[in-house]
Structure formats: structure tokens, C-alpha cells
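All values derive from a computational prediction rather than experimental measurement.
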Amino acid sequence: MEYVSKLKDDQTDKLFDAILLLEDQDECYRFFEDLCTINELKSLAQRLEVAIMLREKNTYQEIAGKTGASTATISRVNRSLIYGADGYNLILDKLKTK
């Protein structure tokens, strides 16, 4: 069964189609550096690191100390891990097997 997102529209479909065409980390850096501000990209990377650390059962204090994320950001990521669309868990499981 295909997941239907609340975000789904033609523009977002095109963005995700473009991302799926990226073949390696170098292409990702080049595309995302043009697409995002440095702060936007760093925020995305930080949230992924927070999700990894939450799954490893680190405390909010440990996560904040290592990543610099606010407790609000950590809480938001934690809610997504528990109640979200399962996107974090999907990719974290794939990263674990890589």
C-alpha cells in the first residue's frame, strides 16, 4: 500500500523525484548546497543525528550536549519517531544495514 502524505502535491513530487535521481554523496552535496541554505541543511542533519541518538536511548541532555539541538527540537523528533509517518524509522533501519 502506498503512503499518502498530507504534503503531497506536484511540486513536492518533482522535488522527491529529483532527489531520487541523485547517485552519490557528491551529487547530494552539490544539489542540496544549491537547494538549501547552510542552516537549513545543518538543521536537517542535526534532526537525523537526534533521531539516531534517541533510538540509541540517549537522554535529552546527552543529545543536546553532542548535537547542540534544543530540547524543543529533540522533543519534536521524538514525537515523529513515536507518532509520525515512520519516515525516521524507515531510514534509520536502512542506515543500520548499510
Side-chain angles (χ1 to χ4, degrees):
M1 186 171 88
E2 184 178 332
Y3 176 75
V4 180
S5 172
K6 297 172 264 187
L7 301 173
K8 187 162 179 56
D9 62 24
D10 288 342
Q11 286 182 329
T12 307
D13 285 350
K14 285 178 190 169
L15 171 64
F16 292 157
D17 286 344
I19 291 168
L20 290 169
L21 293 173
L22 298 169
E23 295 183 10
D24 57 31
Q25 202 173 69
D26 181 63
E27 287 187 4
C28 288
Y29 271 99
R30 292 169 66 189
F31 179 67
F32 282 96
E33 192 169 324
D34 286 349
L35 181 67
C36 301
T37 66
I38 292 171
N39 286 340
E40 288 168 337
L41 194 51
K42 292 294 187 184
S43 291
L44 294 172
Q46 181 188 65
R47 289 179 201 150
L48 180 60
E49 185 64 25
V50 167
I52 291 167
M53 292 184 73
L54 283 167
R55 286 239 316 217
E56 292 171 346
K57 305 295 185 202
N58 286 273
T59 66
Y60 277 34
Q61 185 175 1
E62 291 168 331
I63 297 168
K66 181 174 182 208
T67 67
S70 68
T71 55
T73 295
I74 298 167
S75 180
R76 184 170 52 246
V77 171
N78 193 46
R79 275 193 311 277
S80 292
L81 279 167
I82 297 168
Y83 304 110
D86 217 27
Y88 277 122
N89 288 311
L90 175 76
I91 201 65
L92 293 178
D93 289 344
K94 288 183 178 198
L95 284 170
K96 221 169 28 174
T97 62
K98 184 178 176 197

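Hydrophobic clustering, with ILVMFWY side chains joined whenever heavy atoms are under 4.5 angstrom apart, groups Ile91 together with Ile74. Hydrophobic clustering (ILVMFWY, side-chain heavy atoms < 4.5 Å, transitive): Leu90 and Ile82 are in distinct clusters. Clustering ILVMFWY residues whenever any of their side-chain heavy atoms sit less than 4.5 angstrom apart, transitively, puts Leu95 in the very cluster that holds Val50. Residues Leu41 and Phe16 fall within the same hydrophobic cluster, defined by Ile, Leu, Val, Met, Phe, Trp and Tyr side chains chained together at heavy-atom separations under 4.5 Å. Under the 4.5 Å side-chain heavy-atom criterion for Ile, Leu, Val, Met, Phe, Trp and Tyr, Leu15 and Phe32 are members of the same hydrophobic cluster.
Checking side-chain atoms of Glu40 against main-chain N and O of Cys36 turns up no donor-acceptor pair under 3.5 Å.
If you take CG on Asp24 and OH on Tyr29, they are separated by 11.5 Å, rounding to the nearest 0.5 Å. To the nearest 0.5 angstrom, Asn78 atom CG is 4.0 Å from Tyr60 atom OH. A distance of 6.0 Å separates CG in Leu48 from CG in Leu92, rounded to the nearest 0.5 Å. Atom NZ of Lys96 sits about 11.0 Å away from atom CD1 of Ile52, to the nearest 0.5 Å. We find the CG-CZ distance between Leu35 and Arg30 to be 14.5 Å, quoted to the nearest 0.5 Å.
Residue Ile38 qualifies as open at atom CD1: its count of foreign heavy atoms under 6.0 Å is 12 or below. The environment of CD in Glu27 is crowded: more than 12 heavy-atom neighbours from other residues, nucleotides or ligands sit within 6.0 Å. Within a 6.0 Å sphere centred on CG of Asp17, other residues, nucleotides and ligands contribute more than 12 heavy atoms.
For the 3.5 Å distance criterion, the side chains of Asp9 and Thr12 qualify, holding a donor opposite an acceptor. Side-chain contact check for Ser80 and Arg76: no donor-acceptor pair (N or O, by modelled atom type) lies under 3.5 Å.
In terms of heavy-atom proximity, Gln46 sits nearest to Thr73 at OE1-CG2, 4.3 Å. Thr97 and Lys94 make their closest contact through OG1-O, 2.9 Å (heavy atoms, listed as atom of the first residue, atom of the second, distance). Between Thr67 and Met53 the shortest heavy-atom distance is CG2-SD, 3.8 Å. Scanning all heavy atoms of the two residues, the minimum distance from Val77 to Leu54 falls at CG1-CD1, 3.9 Å. Residues Ala69 and Ala64 approach most closely at O-CB, 3.4 Å, considering heavy atoms.
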Tell me, with the steps shown, if Ser43 and Arg47 meet side chain to side chain donor-acceptor pair (under 3.5 Å).
CA-CA 6 Å; Ser43 291; Arg47 289 179 201 150; 4.8 Å; no
Determine whether Asp13 and Lys8 satisfy the following criterion, side chain to side chain contact (heavy atoms under 4.5 Å, CB included), listing intermediate values before the conclusion.
CA-CA 7 Å; Asp13 285 350; Lys8 187 162 179 56; 2.9 Å; yes
Let me see the working for Arg55 and Asp93 under salt bridge (charged side-chain N to carboxylate O under 4.0 Å, His left out), right down to the final yes or no.
CA-CA 10 Å; Arg55 286 239 316 217; Asp93 289 344; 2.7 Å; yes
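The closest side-chain heavy-atom distance from Thr71 to Ile63 is not below 4.5 Å.
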